[in-house]
Amino acid sequence: MTRYFLTDIGTLLGRSLRHIGRSPDTIITTAVTPIAMMLLFVYVLGGAIETGGQGDYVDYLLPGILLITIASGIAYTAYRIFLDMKGGLFERFQSMPIARSAVLWAHVLTSVVANLISLVVVILVALVMGFRSSASVLDWLAVAGILFLFTLGLTWLAVVPGLTASSVEGASAFSYPLIFLPFISSAFVPTDSMPGPVRAFAEHQPVTSVVNVIRDLLGNQALGDDLWVALAWCLGLVVVAYVFAMSVYRSKIA
């Protein structure tokens with residue numbers, strides 16, 4: 001750690017953001033899959049899905065689609081870290097008077113910014129499809145905070161395969177299970193309709209609590225225990241993923 005930790009992060013963050021600016025197809029590709037899912041479920045399958053009187057299906061569906069967008073985006077974080085690792089960039093930075101962890105923080109914050117843009121694109125498409133929200137400004141800020149924590153936790157998790165993978169495919173493939181996790185949650189259908197064992201898993205995994213809180217906030221509904229469960233999952237994921245990623249990073253550069 002150096003005295004100029006934040007300055008180091010800012011400089012490296014600028015480098016990473018310039019790379020994103022030169023390849024906007026990254027953000028477009030990240031948003032395409034969630035948007036395609038949203039179109040499919042709303043216009044093809046939505047008419048056959050009962051949501052228990054929780055409004056239009058696009059309103060019910062959007063929180064889960066937002067989490068899938070984040071899961072899609074973090075694959076690029078692992079990919080970019082893998083390229084820097086294999087290209088020897090980490091070794092070159094070691095010879096410079098900068099904070100060692102600043103390199104990872106720059107990648108993580110770049111992922112947060114890129115995912116934010118993708119999330120805005122998905123929400124705009126949802127508005128065109130008929131999504132409407134009665135949420136207040138504070139509710140939207142709370143949604144943004146939860147999505148930020150969720151993105152931060154998953155991004156630190158993505159650092160690990162980026163550092164340890166032996167191929168590009170291996171670096172990005174870890175995100176596939178995360179993309180499909182919302183399918184076994186309350187993201188697409190209420191958990192009441194699921195058989196016993198599946199329902200038990202769906203109701204006790206992090207996606208369900210996060211989706212339920214975002215849905216309640218966007219619908220201006222009273223928040224229940226899901227708020228504290230979602231915050232506990234998100235904060236726990238951030239802490240555990242950060243510690244694990246830094247441990248792997250130290251062993252790689254030792």
Side-chain angles (χ1 to χ4, degrees), residues 1-24 26-27 29-30 66-67 69-120 141 143-165 168 170-175 178 206 210 231-254:
M1 180 86 58
T2 71
R3 291 173 53 195
Y4 306 105
F5 178 62
L6 295 179
T7 303
D8 295 341
I9 292 177
T11 301
L12 295 173
L13 175 61
R15 165 190 171 268
S16 296
L17 289 177
R18 284 193 294 273
H19 287 177
I20 294 290
R22 295 186 187 118
S23 57
T26 298
I27 294 174
T29 304
T30 299
L66 296 179
L67 299 195
T69 304
I70 294 169
S72 300
I74 61 172
Y76 286 98
T77 302
Y79 169 74
R80 289 189 292 267
I81 291 175
F82 173 81
L83 292 183
D84 281 354
M85 196 73 182
K86 293 301 179 183
L89 190 65
F90 284 89
E91 287 79 3
R92 290 199 294 274
F93 281 144
Q94 276 187 269
S95 64
M96 301 171 64
I98 63 174
R100 290 185 174 185
S101 61
V103 183
L104 293 185
W105 271 109
H107 278 291
V108 169
L109 294 178
T110 299
S111 173
V112 171
V113 173
N115 274 290
L116 173 61
I117 297 172
S118 297
L119 290 170
V120 170
L141 289 175
V143 169
I146 291 173
L147 291 174
F148 170 78
L149 287 175
F150 192 77
T151 304
L152 193 62
L154 287 189
T155 303
W156 276 112
L157 194 62
V159 168
V160 177
L163 293 172
T164 59
V168 173
S172 56
F174 92 101
S175 67
L178 300 178
V210 174
L231 288 175
W233 273 114
C234 289
L235 291 172
L237 178 61
V238 170
V239 172
V240 172
Y242 173 76
V243 171
F244 187 33
M246 291 304 299
S247 175
V248 171
Y249 180 55
R250 291 189 187 99
S251 68
K252 282 289 183 179
I253 65 175

A.B. asks: Could you tell me the separation between the OH atom of Tyr242 and the CG atom of Leu104, rounded to the nearest 0.5 Å?
C.D. replies: 8.5 Å

A.B. asks: Quick one: closest heavy-atom pair of Ser111 and Ile74, and the distance?
C.D. replies: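 Residues Ser111 and Ile74, closest heavy atoms: OG-CG2, 4.1 Å.
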
A.B. asks: Is it the case that the side chain of Ser118 and the backbone of Ala114 share a donor-acceptor pair, with hydrogens and angles ignored and the cut-off at 3.5 Å?
C.D. replies: yes

A.B. asks: Taking all heavy atoms of Ala78 and all of Ala158, pick out the closest pair and write down the distance.
C.D. replies: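 For Ala78 and Ala158, the tightest heavy-atom pair comes out as CB-O, 3.5 Å.
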
A.B. asks: Which residues satisfy the side-chain contact (heavy atoms from CB on, under 4.5 Å) test with Ser72, sequence neighbours excluded?
C.D. replies: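 Once residues adjacent in sequence are excluded, the partners of Ser72 under the side-chain contact (heavy atoms from CB on, under 4.5 Å) criterion are Thr30, Pro34, Ile68, Ile179.
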
A.B. asks: What's the shortest heavy-atom distance between Leu149 and Cys234, and which atoms?
C.D. replies: CB-CB, 3.8 Å

A.B. asks: Could you grab the distance from atom CG of Leu163 to atom CE of Met246, nearest 0.5 Å is fine?
C.D. replies: 9.5 Å

A.B. asks: Using 30° and 60° as the class limits, which term best fits the ring planes of Trp105 and Trp156: parallel, tilted or perpendicular?
C.D. replies: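 Rings of Trp105 and Trp156: perpendicular, as their planes differ by over 60°.
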
A.B. asks: To the nearest 0.5 Å, tell me how far Leu237 CG sits from Leu152 CG.
C.D. replies: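 Between atom CG of Leu237 and atom CG of Leu152 there are 8.5 Å.
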
A.B. asks: As an exercise, state the distance from CG of Leu67 to CZ of Phe150, rounded to the nearest 0.5 Å.
C.D. replies: 4.5 Å

A.B. asks: Would you check if Thr110 and Thr77 make a side-chain contact, meaning some heavy-atom pair closer than 4.5 Å?
C.D. replies: no

A.B. asks: Could you state the interatomic distance from CG (Leu147) to CG (Asn115), rounded to the nearest 0.5 Å?
C.D. replies: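 It comes to 9.5 Å.
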
A.B. asks: Please tell me if the side chains of Val159 and Tyr249 come closer than 4.5 Å, counting only heavy atoms from C-beta onward.
C.D. replies: no

A.B. asks: Within this structure, what is the CG-OG1 distance for the pair Leu119 and Thr69, rounded to the nearest 0.5 Å?
C.D. replies: 5.5 Å

